[in-house]
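Below is one structure, written out as structure tokens, with a few remarks after it.
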Amino acid sequence: MPNAQSVAVAGMLAVLAATPLAGQLTAGRCAPLDTTARWYAKQRQWADDSKHTWSNDSLRTALIHAAGLDTDPNAGAGALLGYEIVGMTPAAPQGDAVTAIATLRGLAQTRGSTWPTKSVVGAQGVRAVWLLASQDSALARGALHRMMEAGPEESPPAAVAVLEDRLRIANGRKQIYATQLVRSADGKLEPAPIEDPKHVDLRRDAAGLPPLAQAICAGTTGMRDGG
Amino acid sequence: MRLRLAPNVIALVATALAISAANAQSRSIHVDVGRDKVGAEPSTFIPMVGNWVVADEEGKKVVMVDGREWKRGQPAGGLADKARAIYGAKHEEFIDNVKAFAYYPIAVAKGIDDFQNGEISLRFMMVGGTLDRCAGILFNVKPNGDYLTVRFNGTEDNVVLWTFNEGKRSFVKRAPENFPLELGTWHELKIAVHGTQLTGFLDGKSVLDYTLKEPVSGKVGLWSKTDSMTEFSDFTVTPMAK
């Protein structure tokens with residue numbers, strides 16, 4: 001299990017490669033994780049914190065702690081493979097997470113405020129914001145808006161894609177990246193309704209997510225193994 | 001006393017009205033990419049910012065702006081040559097402004113040097129874009145790079161008129177209604193310009209009216225935003241006499 005420092009240096013994809021999820025992809029049950037694929041390179045490049053260029057280290061540390069990334073570096077790693085299972089809601093926020101969510105909600109609602117983007121809190125800090133947003137729907141809406149506004153250098157497109165799909169499904173709309181999976185009547189995982197399914201892998205590629213078939217396979221394997 | 005016109009007078013009036021209508025509405029100009037190679041830049045548009053290619057959409061060749069590799073402040077390849085080709089000696093000022101507006105991919109239609117009055121329409125299909133999903137009509141493009149656009153944004157579900165002047169983008173007017181269009185479906189965007197009166201249409205419905213400060217005069221084309229992936233087809237310009 002990598003420690004927090006190695007997470008910061010190697011970025012989210014290093015975490016991903018170390019998780020059981022990646023093991024599922026390389027164990028022969030799904031297509032192997034293609035580390036030369038564009039989506040993988042895109043995520044890895046975005047998640048690189050090795051240059052330590054963020055401006056607010058104390059905020060970064062606080063966010064990582066509040067999101068629990070310091071104790072569980074794998075938190076939310078499944079979403080990096082481009083899937084979430086609808087209905088598997090995260091635990092209600094507790095302790096420092098409650099305070100952090102309230103602070104982020106205030107920032108999101110205050111025009112002109114400095115949102116914690118990559119140049120402010122680094123890639124791990126942004127990932128912490130994204131994890132906290134998954135625990136609070138009001139923050140999720142504000143965070144999505146601020147992340148989209150900040151642009152791809154400052155916000156990870158893969159996280160933006162998952163967040164947008166999650167909010168669309170919650171609001172009764174069709175998703176656009178097919179990151180939200182549901183169990184069909186026969187127990188298999190399948191995407192919740194998608195807009196324009198023909199171009200879905202094009203959109204996933206643009207957002208730095210693996211092809212849908214690969215994500216469904218990873219999700220199915222994870223479910224079968226009780227992951 | 002009731003006025004009665006002889007049949008020959010009625011015929012004469014009808015003929016005069018027909019000629020007048022013909023003068024007012026010139027022939028439509030369709031900017032077509034049907035002969036272009038899929039994957040190449042369109043030959044009938046000049047991409048100034050962004051990555052514009054010809055794509056095959058169910059057997060029909062269309063123009064696609066592909067924002068997958070979009071980077072902030074990145075003009076299209078060969079910008080200087082392209083600017084020189086359409087603006088000659090004035091191209092340097094145009095380039096400076098295009099760089100200021102590099103957030104917004106644009107492609108200028110060839111062969112339409114000065115659109116002033118009439119209609120411009122196109123069909124668009126949003127395919128993707130994590131930050132933006134936009135399709136717009138570019139018009140009033142000046143030699144210094146200033147321009148106007150009426151655009152649809154699928155992340156905001158609205159139609160808006162924007163001005164781009166001397167490196168600054170300014171909001172002008174938003175259509176009061178929102179239009180949640182689905183990705184992967186074709187829609188028509190149209191503007192009608194009569195003097196300073198501008199009307200914007202979405203799928204045949206008038207959605208935006210605005211009186212411009214001065215009459216329109218300039219080049220036209222396609223407009224997009226940041227990482228949008230949008231397909232365009234049936235770009236048609238119908239000039240009309242003032």
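Values below: all heavy atoms of this structure, side chains included; hydrogens, waters and symmetry mates excluded.
- In terms of heavy atoms, B/Val127 sits closest to A/Arg203 at O-NH1, 2.6 Å.
- Here the CD atom belonging to B/Glu182 is positioned 11.0 Å from the CD1 atom belonging to A/Ile176, to the nearest 0.5 angstrom.
- Listed by chain and number, the residues in a side chain to side chain donor-acceptor pair (under 3.5 Å) with A/His199 are A/Asp196 (sequence neighbours excluded).
- Under a cut-off of 6.0 angstrom, the local environment of CZ in B/Arg174 is sparse, with at most 12 non-hydrogen atoms contributed by other residues, nucleotides or ligands.
- Note that CE of A/Met147 is 11.0 Å distant from OG1 of B/Thr130, once rounded to the nearest 0.5 Å.
- Using a cut-off of 4.0 Å between Lys/Arg side-chain N and Asp/Glu carboxylate O, B/Glu231 and A/Lys198 are scored as not salt-bridged.
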Report the C-alpha distance between A/Glu164 and B/Arg133 in whole Å, list the side-chain angles of each, state the deciding distance to 0.1 Å, and finish with yes or no for salt bridge (Lys or Arg N to Asp or Glu O under 4.0 Å). CA-CA 13 Å; A/Glu164 182 169 12; B/Arg133 294 183 277 276; 2.5 Å; yes
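- The salt bridge (Lys or Arg N to Asp or Glu O under 4.0 Å) pairs that include a residue from residues 100-123 of chain A are A/Arg105-A/Asp136, where partners are two or more places apart or lie in different chains.
- Taking chain B as the reference chain and counting heavy-atom pairs below 4.5 Å, the highest number among A/Ser155, A/Ala161, A/Pro157 is found for A/Pro157.
- With a threshold of 4.5 angstrom between heavy atoms, A/Leu202 approaches chain B through its backbone and through its side chain.
- Around the CD atom of A/Gln45, the shell of radius 6.0 Å holds no more than 12 heavy atoms that belong to other residues, nucleotides or ligands.
- Smallest separation of non-hydrogen atoms from B/Leu183 and A/Glu195: N-OE1, 2.6 Å.
- For B/Met126, the part lying near chain A is the backbone, with the side chain staying farther off; criterion is any non-hydrogen pair under 4.5 Å.
- Using a 4.5 Å cut-off between heavy atoms, B/Thr155 touches chain A through its side chain atoms alone.
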